[in-house]
Amino acid sequence: MNRLFFALYCLFLWPALTLAQGLKHPSHPPPPGERGSENITVVAHLPLGIPGSVSDIEVEQDPDRPYAYVARRAHEKGFDVIDLSNPSQARVIHRWRIEEEDLHQGGAMDGRYFKHDERYYYVQSVQFRQGGPNSEVGAIVFDVTDLPEAPREVGRIRQSETPGGFHNIFTYKHSQGPPLLFATSGQFAKVFDLGRFLQGYQTEVEARIQDENHALVGAVPIAQSENMWSRGYHDFYIGYHPESGQDRFYGGGGSGYYVYNVTDLSNPELLLTILGVPGVSWGHTFTPSPDGRFAVGETEFQHQPLRFFDLQPALDGDVDNIDHAVGAWHADWKSLAHNHEVRWPYLFVAGYETGLSVVNMEDVTNPHTIAYYDTFNGRHNNRDESAARMGSPYTWNVYDGAWGVDVRNYDGLIVVSDMSTGFWAFRMDGFDGWNGEDFGVPNISSVQNWDSGPASK
């Protein structure tokens with residue numbers, strides 16, 4: 001499919017949805033003084049290294065732990081720890097790099113923290129290809145309790161039967177107690193008990209390597225359908241559903257999006273699929289609202305908007321599959337929204353070449369931009385044709401700029417990782433923190449209650 005045809009397909013063959021804009025992003029590069037909306041303030045900016053070397057970002061949520069982590073995927077392979085004790089004077093306090101960097105083919109991707117037995121840990125996913133060291137390693141676990149002292153490596157999660165590492169991970173406090181790690185691996189989202197993993201690492205190194213699956217406690221399959229674009233998951237979110245008392249898995253991959261009940265990890269139950277949506281051949285990032293009624297889906301193809309889905313007809317049992325979106329949003333139809341975080345009614349988007357956008361999604365049929373800041377310094381759609389992979393509709397032509405976004409719930413600090421320009425911290429006028437109950441929804445987001453579990457939220 002050539003690029004012109006694909007663009008026309010996206011524009012004219014979608015369902016009749018309103019691509020609400022609200023505030024309009026500036027032309028690019030933007031005129032002086034017009035890089036961001038008036039209600040966004042830059043708190044900090046730290047260039048981190050060679051352009052293209054930055055990937056995802058994670059910020060801790062405990063007021064006594066002012067730390068953020070930025071993964072480094074190329075040129076430098078590992079992660080940086082940023083001290084946000086005084087956000088306006090943010091600084092890098094540690095740079096961890098894999099041993100023998102130059103021999104490793106690939107880099108670090110997603111990072112998540114968790115708490116267990118009164119200690120704090122950071123999990124860094126890695127993707128190292130065969131032909132270099134550590135291709136069987138999916139993630140590396142660090143004890144970060146004693147920050148600002150240096151992180152201490154605890155151990156490595158290995159999966160030799162599915163080499164190539166974990167592209168995405170998600171740490172989750174399950175309703176039945178254990179802290180879990182969900183990880184992309186082969187045709188499944190594999191589930192690891194992090195408490196069991198830590199306990200296992202009290203044994204000898206040789207024994208740990210021989211028993212690399214000692215912490216594996218489950219695997220979420222992907223529902224099979226015809227002409228699947230991929231056979232596994234790309235990304236996922238796991239959240240508690242108070243009304244049903246279920247732990248629910250929301251996965252993007254395959255031919256769209258999938259929702260499972262994972263309360264019983266040994267027997268994941270498929271609740272619904274989102275397949276056959278015009279313009280959607282694959283799911284990338286998929287995030288629900290706090291009550292599980294709506295969800296936002298991203299496809300990772302240039303020109304495609306974020307779509308908003310109403311899951312209720314399937315959850316009520318009226319249908320098994322949702323085949324249409326009820327709303328859509330785009331900062332710039334020539335670009336692409338990437339990772340995002342939901343803090344109802346706000347959606348925080350890292351949009352590659354459009355930087356940070358904040359979207360009001362209270363009316364999912366009419367989502368609209370309420371704030372933005374362009375973190376990307378280059379020209380849009382300016383990658384050469386070889387980098388654009390011969391006109392592929394995938395991300396290659398716009399594969400630069402804001403990769404990840406996170407939100408610190410207790411004070412509303414917004415952090416962004418930009419592939420080329422590094423770390424950013426922002427504040428939005430009127431947003432001084434988030435608790436779902438203040439907005440009439442469950443207090444549920446990607447932020448976990450590590451002490452009490454999701455049922456206590």
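- Ion pairing between a basic and an acidic side chain is recognised when a charged N comes within 4.0 Å of a carboxylate O; Arg156 and Glu153 show such pairing.
- Between His234 and Trp282, the two ring planes are perpendicular [angle over 60°; tilted spans 30° to 60°].
- Taking 4.5 Å as the limit, every side-chain heavy atom of Lys173 sits out of range of all side-chain heavy atoms of Pro178.
- With respect to Arg408 and Asp62, no salt bridge is recorded, no charged nitrogen being found less than 4.0 Å from a carboxylate O.
- In Arg91, the CZ atom is not crowded: 12 or fewer heavy atoms of neighbouring residues, nucleotides or ligands sit closer than 6.0 Å.
- Ring-plane geometry between Tyr120 and Tyr113 is classed as parallel, the angle between the planes falling under 30 degrees on a 0 to 90 degree scale with a further cut at 60.
- Heavy-atom minimum distance, Phe423 versus Leu84: CZ-CD2, 3.8 Å.
- Of all the heavy atoms in His241 and Gly292, the pair that sits closest is CD2-CA, 4.3 Å.
- Remark: aromatic rings of Phe348 and Phe431 are close, center separation under 6.0 Å.
- A salt bridge links Arg119 with Asp146: the distance from a Lys NZ or Arg NE/NH1/NH2 to an Asp or Glu carboxylate oxygen falls below 4.0 Å.
- When every heavy atom of Lys77 is checked against every heavy atom of Gly107, the shortest pair comes out as CG-CA, 4.3 Å.
- Minimum interatomic distance between Phe188 and Ala219 (heavy atoms only, all atoms of both residues): CD2-CB, 3.8 Å.
- Using cut-offs of 30° and 60° for the angle between ring planes, the Phe286 and Phe309 rings count as perpendicular.
- Minimum heavy-atom separation, Ile322 to Pro313: CD1-CB, 4.3 Å.
- Gly436 and Asn443 get closest at one heavy-atom pair: N-OD1, 2.9 Å.
- Legend: residues meeting ring pair (Phe, Tyr, Trp, His ring centres under 6.0 Å) with Phe142, ordered by chain and number and at least two apart, are Phe79, Trp96.
- Annotation: side chain of Trp403 is in contact with side chain of Arg73 (closest heavy-atom distance under 4.5 Å).
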